[in-house]
Amino acid sequence: QVQLVESGGGLVQPGGSLRLSCAASGSGFSINAMAWYRQPPGKERELVATITSGGSTNYADSVKGRFTISRDSAKNAVYLQMNSLKPEDTAVYYCNARWSWYRDRYFYDTWGQGTQVTVSS
């Protein structure tokens with residue numbers, strides 16, 4: 001019943017910026033953490049950044065100083081501001097939410113559909 005929808009991907013030149021958005025829809029759930037993953041062509045999916053319900057953030061070393069993850073709890077949304085983009089950032093970016101039904105202990109992981117980010121001149 002929880003659905004994640006991503007937006008904001010596209011084509012950008014090296015050094016440019018993009019902002020990805022992800023919103024969770026549904027009711028009766030509580031989000032523990034949200035994250036952004038990416039999967040470059042021909043490679044495995046990798047963790048990019050995470051943010052907890054309390055606002056704590058973590059980043060992959062490859063994006064530290066360039067990417068910023070943020071959230072809007074009222075909207076059940078998470079964002080990824082990507083600056084100084086490099087060709088190696090090219091990937092399908094996926095939003096992930098770790099969530100539970102209200103007053104339940106079991107956590108689920110739900111993935112968005114993915115949005116393509118291409119960094120090329």
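Bear in mind that the values here come from a model prediction, so they are computed numbers and not experimental data.
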**Student:** Which heavy-atom pair separates Val92 from Gln116 by the least distance, and what is that distance?
**Tutor:** CG2-OE1, 3.3 Å
**Student:** How would you list all residue pairs meeting salt bridge (Lys or Arg N to Asp or Glu O under 4.0 Å) that involve residues 2-17, not counting sequence neighbours?
**Tutor:** none
**Student:** Who pairs with Tyr79 by ring pair (Phe, Tyr, Trp, His ring centres under 6.0 Å), at least two apart in sequence or on another chain?
**Tutor:** none
**Student:** Quick check for you: to the nearest 0.5 Å, what is the distance between Asp109 atom CG and Asn96 atom CG?
**Tutor:** 4.5 Å
**Student:** Please tabulate, for side-chain N and O atoms in residues 9-34, each donor-acceptor pair with protein atoms closer than 3.5 Å (sequence neighbours left out).
**Tutor:**
residue, atom, partner, partner atom, Å
Ser17, OG, Asn83, OD1, 2.9
Asn32, OD1, Arg98, NH1, 3.2

**Student:** Would you confirm whether Tyr37, through its side chain, and Trp111, through its main-chain N or O, come within 3.5 Å as a donor-acceptor pair?
**Tutor:**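 No: the side chain of Tyr37 does not pair with the backbone of Trp111.
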**Student:** Could you tell me which non-hydrogen atom of Thr50 sits nearest to which non-hydrogen atom of Ala35, and how far apart they are?
**Tutor:**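 Shortest heavy-atom contact: CG2-CB, 3.7 Å.
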**Student:** Pairs in or reaching into residues 37-59: which pass salt bridge (Lys or Arg N to Asp or Glu O under 4.0 Å), with residues at least two apart or in two chains?
**Tutor:**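 Matches after skipping sequence neighbours: Arg38-Glu46, Arg38-Asp89.
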**Student:** Contact between Asp61 and Tyr59 at the side-chain level, heavy atoms closer than 4.5 Å - yes or no?
**Tutor:**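 No, side chains not in contact.
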**Student:** In Å, rounded to the nearest 0.5 Å, how long is the span from OG of Ser120 to CG of Leu85?
**Tutor:**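 Separation between the atoms: 12.0 Å.
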**Student:** State which residues pass side chain to side chain contact (heavy atoms under 4.5 Å, CB included) with Ser84; sequence neighbours excluded, sorted by chain then number.
**Tutor:** Arg66
**Student:** Where do Gln39 and Tyr93 land on the side-chain contact (heavy atoms from CB on, under 4.5 Å) test, with the steps shown first?
**Tutor:** CA-CA 7 Å; Gln39 187 166 19; Tyr93 283 71; over 6 Å; no
**Student:** Quick one: do Val78 and Ser70 satisfy side-chain contact (heavy atoms from CB on, under 4.5 Å)? Show the steps, please.
**Tutor:** CA-CA 6 Å; Val78 64; Ser70 61; over 6 Å; no
**Student:** Using modelled atom types only, decide if a donor and an acceptor are shared between the side chain of Arg71 and the backbone of Ser53 within a distance under 3.5 Å.
**Tutor:** yes
**Student:** Which value, rounded to the nearest 0.5 Å, describes the distance between Trp36 atom CH2 and Tyr94 atom OH?
**Tutor:** 12.0 Å
**Student:** What residues, two or more places apart in sequence or in another chain, satisfy side chain to side chain contact (heavy atoms under 4.5 Å, CB included) together with Asp104?
**Tutor:** Trp101, Tyr106
**Student:** When rounded to the nearest 0.5 angstrom, what is the spacing between CG in Leu4 and CH2 in Trp99?
**Tutor:** 9.5 Å
